[in-house]
Peer 1: 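Right, I'll just put the structure down here and ask away after.
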Amino acid sequence: VLFCLITTTNFAQISDFIHVDQFGYLLNADKIAVISNPQVGYNSNESYIAGPTFELRDFNNDTIVYSGAIDQWNNGNTHSSSGDQGWWFDFSDFNIPGNYYVYDPSTANRSASFSINGNPYKEVLSASMKMFYYNRCNFDKQMPHASAGWTDGNNFDNDLQDFNCRDAYDQGNAATEKDMSGGWFDAGDYNKYVTFAHNPVHDLLSSYEEHPTLFGDDWNLPESGNGLADILDELKWELDFLLKMTNSDGSVHIKMGSVSFNENENAPPSANVDPRYYAPTCSSAAIANASMFAHAALIFANEPGMSSYATTLETTAINCWNNFIIDFDANTLETDCDDGLVKSGDADRNEEEQKQMALIAAIYLFDLTSDNTYRDFITDHHDEVEPISMTLLRS
């Protein structure tokens with residue numbers, strides 16, 4: 001029998017008191033580890049006395065690649081907010097890409113591992129975006145796209161679920177059945193909401209719009225490699241669902257899901273077989289979709305092969321706007337439209353929130369169409385909602 005004794009330092013104790021940026025460090029950025037010694041607070045019964053010299057070590061082979069003295073913070077005084085004494089270990093001069101950890105040879109304690117490279121945030125960004133993939137409704141999650149332990153079969157594709165969803169107020173009427181498949185689960189349940197999607201969709205669209213080179217087509221999604229950035233593939237999954245929630249007259253159902261708390265509560269999602277229903281159309285849902293579709297139309301119009309899809313988004317955005325503006329002009333915006341029959345999460349938006357979404361929609365629609373109708377809406381109402389109204393008041 002051959003025994004192998006592993007003595008590499010990267011199996012040393014990871015200290016709670018040697019703090020690094022576990023996302024990693026850019027090559028030419030400041031690179032500093034913070035060492036703390038508790039004095040006040042929940043961990044004041046613990047202590048860490050740092051050695052005078054710290055080392056930066058290669059995580060793969062424990063080679064010392066850099067060493068230096070640490071600097072005491074503020075002559076050893078206690079930092080009032082953290083309750084700690086502190087030191088800095090500055091290794092900013094080291095700029096060789098790789099995986100490393102900070103090591104204190106006096107205590108044999110080390111930091112967590114981290115990378116130094118030209119873009120240490122790439123994997124973090126793709127991992128965070130993968131959350132939306134796992135939250136896809138009506139979609140198989142299988143390896144290699146899903147990690148072991150997170151796989152699942154298709155879900156909510158049984159009779160009277162998402163592909164033939166019925167009106168919650170006319171549950172026995174087969175004529176009300178609609179295909180409302182796709183989209184993302186809500187954060188706290190399996191339901192799907194229109195108004196709740198407004199901010200996340202805009203945030204993701206703006207992220208891509210402002211920094212398109214950060215978003216690749218290689219994030220291990222089923223659509224990866226199709227020539228469209230994976231963030232747009234993920235957004236399209238949600239946008240396609242939002243299109244299904246929209247009627248031909250531009251009215252929009254505010255949400256869909258279960259009508260009882262004890263239905264569709266099993267995990268994983270594929271274990272649920274109870275019926276699902278859609279809630280009423282609401283003015284807040286119409287303007288939310290107008291806003292999201294208009295913004296998305298601008299983005300997708302610039303993507304190869306997506307001009308037809310962008311046109312669909314633009315046309316539907318206009319329809320949703322026209323539906324909303326009838327209630328807006330008549331001062332009949334619906335603010336208590338979601339009565340909770342579909343459980344749960346009140347998806348209503350008050351008048352100011354709807355007006356805020358309308359201003360966003362009008363900005364993107366004017367950019368799309370140059371139609372002065374939208375410019376006039378902005379001119380007439382931009383000073384009626386926060387934060388714009390508060391900014392004008394202060395000035």
Side-chain angles (χ1 to χ4, degrees), residues 10 14 19-31 58-60 95-101 111-155 182-188 192 196-242 268-270 292 295-296 298-300 302-306 309:
N10 61 27
I14 295 180
H19 313 279
V20 295
D21 186 343
Q22 287 183 248
F23 287 171
Y25 297 85
L26 291 164
L27 285 173
N28 296 312
D30 291 340
K31 308 176 191 71
D58 190 307
F59 184 76
N60 297 313
N95 295 310
I96 300 176
N99 297 316
Y100 304 96
Y101 63 91
S111 72
S113 62
F114 56 88
S115 63
I116 297 175
N117 60 56
N119 183 8
Y121 311 115
K122 180 179 179 180
E123 292 185 10
V124 177
L125 183 60
S126 63
S128 64
M129 279 298 302
K130 203 62 179 281
M131 178 274 295
F132 291 99
Y133 162 78
Y134 284 117
N135 243 29
R136 287 187 187 186
C137 186
N138 313 118
F139 196 86
D140 238 4
K141 284 94 174 183
Q142 300 295 334
M143 298 176 68
H145 308 299
S147 300
W150 297 97
T151 60
D152 189 25
N154 210 336
N155 54 74
W184 302 318
F185 296 128
D186 183 48
K192 296 182 287 191
F196 290 2
H198 181 265
N199 289 357
V201 166
H202 277 296
D203 288 345
L204 293 172
L205 287 168
S206 294
S207 296
Y208 178 76
E209 186 176 21
E210 294 169 13
H211 304 285
T213 59
L214 293 180
F215 299 95
D217 189 23
D218 57 351
W219 288 4
N220 191 30
L221 291 181
E223 299 87 357
S224 293
N226 65 355
L228 191 67
D230 283 344
I231 188 175
L232 296 183
D233 286 316
E234 199 58 71
L235 276 161
K236 189 175 182 299
W237 185 261
E238 176 70 4
L239 291 166
D240 286 349
F241 158 72
L242 295 172
S270 60
M292 289 183 281
H295 191 179
L298 283 167
I299 303 302
F300 279 93
N302 293 319
E303 298 297 318
M306 299 305 295
Y309 187 65

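Not measured: the values here are computed from a predicted model.
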Peer 1: Does Phe132 have any ring pair (Phe, Tyr, Trp, His ring centres under 6.0 Å) partners at least two apart in sequence or in another chain, and if so, which?
Peer 2: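 Partners of Phe132 by the ring pair (Phe, Tyr, Trp, His ring centres under 6.0 Å) criterion, ordered by chain and then number, come out as Trp184.
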Peer 1: Fit a plane to each ring of Phe23 and Tyr121, take the angle between them on a 0 to 90° scale, and name the class: parallel (under 30°), tilted (30 to 60°) or perpendicular (over 60°).
Peer 2: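 Correct class here is perpendicular.
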Peer 1: Any side-chain heavy atom of Pro222 sitting closer than 4.5 Å to one from Tyr133?
Peer 2: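 Of all side-chain heavy-atom pairs linking Tyr133 with Pro222, at least one is under 4.5 Å.
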Peer 1: I want to check something: taking the side chain as every heavy atom from C-beta on, are Trp237 and Glu234 in contact at a cut-off of under 4.5 Å?
Peer 2: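 Trp237 vs Glu234: side chains touch.
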Peer 1: Does Lys122 form a side chain to side chain donor-acceptor pair (under 3.5 Å) with Asn117? I'd like the steps, not just the answer.
Peer 2: CA-CA 10 Å; Lys122 180 179 179 180; Asn117 60 56; over 6 Å; no
Peer 1: What pairs of residues pass the side-chain hydrogen bond (donor to acceptor under 3.5 Å, both in side chains) test when at least one of them lies in residues 211-220, not counting sequence neighbours?
Peer 2: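 The answer is His145-Asn220.
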Peer 1: Hey, is Glu238 close enough to Arg136 for a salt bridge, meaning N to O under 4.0 Å?
Peer 2: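 Not counted as a salt bridge, because no side-chain N and carboxylate O are separated by less than 4.0 Å.
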Peer 1: How about Phe114 and Asn99: do any of their side-chain heavy atoms sit closer than 4.5 Å?
Peer 2: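 The answer is no, as the side chains (C-beta and beyond) never meet within the 4.5 Å cut-off.
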Peer 1: Measuring only between side-chain heavy atoms, which start at C-beta, is Asp152 closer than 4.5 Å to Pro269?
Peer 2: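 Side chain of Asp152 against side chain of Pro269, heavy atoms only: contact under 4.5 Å found.
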Peer 1: Side chains of Asn138 and Asn154: any donor to acceptor distance under 3.5 Å?
Peer 2: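 No, no side-chain donor-acceptor contact under 3.5 Å.
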Peer 1: Among pairs that include at least one residue of residues 204-216, which meet salt bridge (Lys or Arg N to Asp or Glu O under 4.0 Å), considering only residues two or more places apart or in two chains?
Peer 2: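 Matches after skipping sequence neighbours: none remain.
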Peer 1: Determine whether Ser113 and Phe59 make a side-chain contact, defined as any pair of heavy atoms from C-beta on separated by less than 4.5 Å.
Peer 2: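 Yes - at least one pair of side-chain heavy atoms lies under 4.5 Å apart.
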Peer 1: I'd like to know if the side chain of Tyr309 pairs up with that of Asp240 as donor and acceptor (distance under 3.5 Å, no hydrogens or angles considered).
Peer 2: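 The criterion, which ignores hydrogens and geometry beyond distance, is satisfied for Asp240 and Tyr309.
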